J.: 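Please read through the structure below; I'll follow up with questions.
Just the heavy atoms: all of them, side chains too, but no hydrogens, waters or symmetry mates, feed the values below. Just so we're on the same page: letters track the sequence lines, and every chain starts at 1. From a predicted model like this one, the values you see are computed outputs, not experimental measurements.
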Amino acid sequence: MTAAPAEFATQVVRWQKSHGRHGLPWQNTRDPYRVWLSEIMLQQTQVSTVLGYFSQFLARFPDVRSLAAASLDEVLALWSGLGYYSRARNLHRCARQVVELHGGEFPRTAELLQTLPGIGRSTAAAIASFCFGERVAILDGNVKRVLTRVLGFGDDLAVAAHERRLWDEATRLLPQRALADAMPRYTQGLMDLGATVCLARNPSCLLCPVSGLCVAQREGVPENYPVKSRKLKRSSQSLWLLWAQTRSGAVWLARRPTPGVWAGLYCLPVFDSREALEASLPAGPHAPLRDGAAFTHVLTHKDLHLHPVRVQLPRAVLGEDGDWFAADAWPQLGLPAPVRKLLGEG
DNA sequence: ATCCAGGGCC
DNA sequence: GGCCCTGGAT
C-alpha cells in the first residue's frame, strides 16, 4: 500500500458508517459480556449459525454471574451443535474467573483480557476496542485476508515470523490517536469488509472502499492472498458406536473423556473395532446386533467413519460415567452433532 | 461427494 | 505444529 495509513483507517471508518453491518444482536452495545459471548461464538463459526445460539445463551444467562453459577453440563448442552467444544469449557472457566478474580467485571484492557481462558490476542483486542475504545489491532482470518491484499503481503503466514510482521502492520494501520474514538467502528469495519466484500473466493472489489489503495487489486488477482503453505492432510479412522436401547427406548449415553474429540459431551459409547464393541456387552445372551448405515463425519484433521451398531438391552449399567436417557432428555444434553442427528433419525 | 473457512490451546 | 467441529460453497 503506497498511501498513508491514515487514509486506510479513514476510509474503513467512513465505509462502516454507510455500508457496514449495524443490526446484529451483539452490536450497539458496549456490554463486555455480550461482546465477549458473541466473539467466542463467532470464532470459526458463521454469523447465521451464531444468531440462534446467542439469543438462547442470553435468555438463559443474562450476565456473567449467571453463567458462572451454571453447571458445565448445562453450558455444554446449550452449546451442543456449535462445535469446538473447548470454547464452551473455556467460556465457563472464563466466566468463573471474571467473577472470582475480577469481581464480576471484565478487565478493561486487551492485555488483561488475554489472560482469561479462551481469549487470545485477537479476541482480546476485539473486546477492548469495541467496549473500551482501546487502540489495539485485531487479526482474525477475515482481517488477515483484507490486510494481506491491501498491503500485497505475500509472505507465507505459516511462518511465525511473517505472521508477527502482519500483526505489526495491523497495528501500524490503526486510526491515529486523535481518532481513538473511532476504534469500535474501525474494528467493526475491518470485520465487515472481510465478511461481506473482501471474500475468499469472489471479492467484490468494485464495492470496496479501499480498492484504490489495494496492491492485490492493482495486481489483478486478489485471491492470491493470503499465502498459506500449510496443507491440511487428513487421516482417516473408523469408529464403532454402540447404540444400546431399552425396550422403552432409553439410550445409553456416556461422557466423553477430556481432552479429545467431543470432550465432556455425552455420546454413544465409542470403540475402535466391532470386536471391542461386542466385548463390552454384558455377558450372557442378548438380542442380536443390528448394523446401521455407516456414515462419515469430518473433523479438521481426520475423517471419522462412524459405524452405528444397535442392540436392545435390559436396563443395567453398561459402564462408568454414563446413564440411560429417554428421548425427552436428549435435547438437554450436550451431544455431538452426528450423534444428535443419528438419534433424531432413529 | 469433496473442499474449504475459521482462533486458541497445549 | 497438532488438535478441535460444523456448515456452506462448489
J.: Show the distances under 3.5 angstrom between N or O atoms of the protein and N or O atoms of nucleotides 3-5 of chain B.
T.:
from, atom 1, to, atom 2, distance (Å)
B:dC4, O4', A:Arg201, NH2, 3.4

J.: Figure out the NE2/C1' separation between A:His297 and C:dC4, and round it to whole Å.
T.: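 In whole Å, C:dC4 C1' and A:His297 NE2 are 10 Å from each other.
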J.: If you define the side chain from C-beta out and look only at heavy atoms, does anything of A:Pro209 sit under 4.5 Å from A:Arg14?
T.: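 A:Pro209 vs A:Arg14: side chains apart.
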J.: Could you tell me the separation between the CG atom of A:Leu139 and the C1' atom of B:dG7, rounded to a whole number of Å?
T.: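 Result: 11 Å.
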J.: Please tell me which of the listed nucleotides, B:dG7, C:dT10, C:dG7, lies nearest to the side chain of A:Thr49?
T.: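 Nearest nucleotide to the side chain: C:dG7.
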J.: Measure from CG on A:Leu157 to C1' on B:dG7 and round the result to the nearest Å.
T.: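 Going from A:Leu157 (CG) to B:dG7 (C1'), I get 14 Å.
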J.: Strictly below 4.0 Å, heavy-atom distances to any atom of DNA chain C: list the hits from residues 73-83 of chain A, or just say none.
T.: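 When residues 73-83 of chain A is checked for heavy atoms under 4.0 Å from DNA chain C, the hits, listed by number, are A:Gly81, A:Leu82, A:Gly83.
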J.: Using whole Å, what does the distance between atom P of nucleotide C:dG7 and atom NZ of A:Lys341 come to?
T.: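 In whole Å, C:dG7 P lies 11 Å from A:Lys341 NZ.
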J.: Quick one: which of A:Phe57, A:Tyr53, A:Trp262, A:Phe61 gives a ring pair (Phe, Tyr, Trp, His ring centres under 6.0 Å) with A:Trp79?
T.: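 So the option named by the test is A:Phe57.
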J.: Rounded off to whole Å, could you give me the NZ-to-P distance for the A:Lys144 and B:dG7 pair?
T.: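 To the nearest whole Å, that distance equals 8 Å.
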J.: How is A:Pro259 classified with respect to the nucleic acid when contacts are heavy atoms under 4.0 Å: base, sugar-phosphate, or nothing?
T.: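 Result for A:Pro259 = nothing.
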J.: Report the distance from atom CG of A:Leu213 to atom CG of A:Leu151, rounding to the nearest 0.5 Å.
T.: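 Between atom CG of A:Leu213 and atom CG of A:Leu151 there are 10.0 Å.
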J.: Which label fits A:His19 and A:Trp15: parallel for a plane angle under 30°, tilted from 30 to 60°, or perpendicular past 60°?
T.: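 Rings of A:His19 and A:Trp15: parallel, under 30°.
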J.: In whole Å, what is the span from the CH2 atom of A:Trp167 to the C1' atom of B:dG7?
T.: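 Distance check: A:Trp167 CH2 to B:dG7 C1' gives 10 Å.
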J.: Give the rounded distance in Å between these two atoms: CD1 of A:Ile40 and P of B:dG7.
T.: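 These atoms are roughly 11 Å apart.
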J.: Please report the distance, rounded to the nearest Å, between NZ in A:Lys302 and P in C:dC4.
T.: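 Checked: the NZ to P distance equals 6 Å.
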J.: Do A:Ser80 and A:Arg340 have side-chain atoms, one donor and one acceptor, less than 3.5 Å apart?
T.: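 Indeed, the side chains of A:Ser80 and A:Arg340 share at least one donor-acceptor pair under 3.5 Å.
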J.: Could you identify which residues cluster with A:Phe271, counting Ile, Leu, Val, Met, Phe, Trp and Tyr as linked when any side-chain heavy atoms lie under 4.5 Å apart, either directly or through a chain of such contacts?
T.: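 Grouped by the 4.5 Å side-chain rule, A:Trp240, A:Leu242, A:Trp252, A:Leu277, A:Leu281, A:Leu289, A:Val309, A:Val311, A:Leu313, A:Val317, A:Leu318, A:Trp324 form the rest of the cluster around A:Phe271.
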J.: Would you tabulate the pairs of protein nitrogen or oxygen atoms and nucleotide nitrogen or oxygen atoms of nucleotides 8-10 of chain B closer than 3.5 angstrom?
T.:
from, atom 1, to, atom 2, distance (Å)
B:dG8, OP1, A:Gly120, N, 3.0
B:dG8, OP1, A:Thr123, N, 3.0
B:dG8, OP1, A:Thr123, OG1, 2.2
B:dC9, OP1, A:Gly118, N, 2.6

J.: Please check if the side chain of A:Thr171 supplies one atom and the backbone of A:Trp167 the other of a donor-acceptor pair under 3.5 Å.
T.: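 Looks like yes, one N/O pair under 3.5 Å.
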J.: In the hydrophobic clustering (ILVMFWY, side-chain contacts below 4.5 Å, transitive), which residues join A:Leu101, or is it alone?
T.: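 Hydrophobic cluster check, A:Leu101: no partners found.
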J.: Is the closest side-chain donor-acceptor distance between A:Arg87 and A:Thr45 under 3.5 Å?
T.: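 Yes, because at least one side-chain N or O of A:Arg87 sits under 3.5 Å from a partner of the opposite role on A:Thr45.
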J.: Classify the nucleic acid contact of A:Pro226 as base, sugar-phosphate or nothing, counting any heavy atom under 4.0 Å across all strands shown.
T.: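 Counting heavy atoms under 4.0 Å across all strands, no contact is made by A:Pro226.
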J.: Residues sharing A:Leu112's hydrophobic cluster, by side-chain heavy-atom contacts under 4.5 Å among ILVMFWY, directly or via others?
T.: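 Members other than A:Leu112 - counting any ILVMFWY side chain reachable under 4.5 Å - there are none.
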J.: Hydrophobic clusters here meaning ILVMFWY residues chained together by side-chain heavy-atom distances under 4.5 Å, can you tell me if A:Leu91 and A:Tyr84 are in one?
T.: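 A:Leu91 and A:Tyr84: separate clusters.
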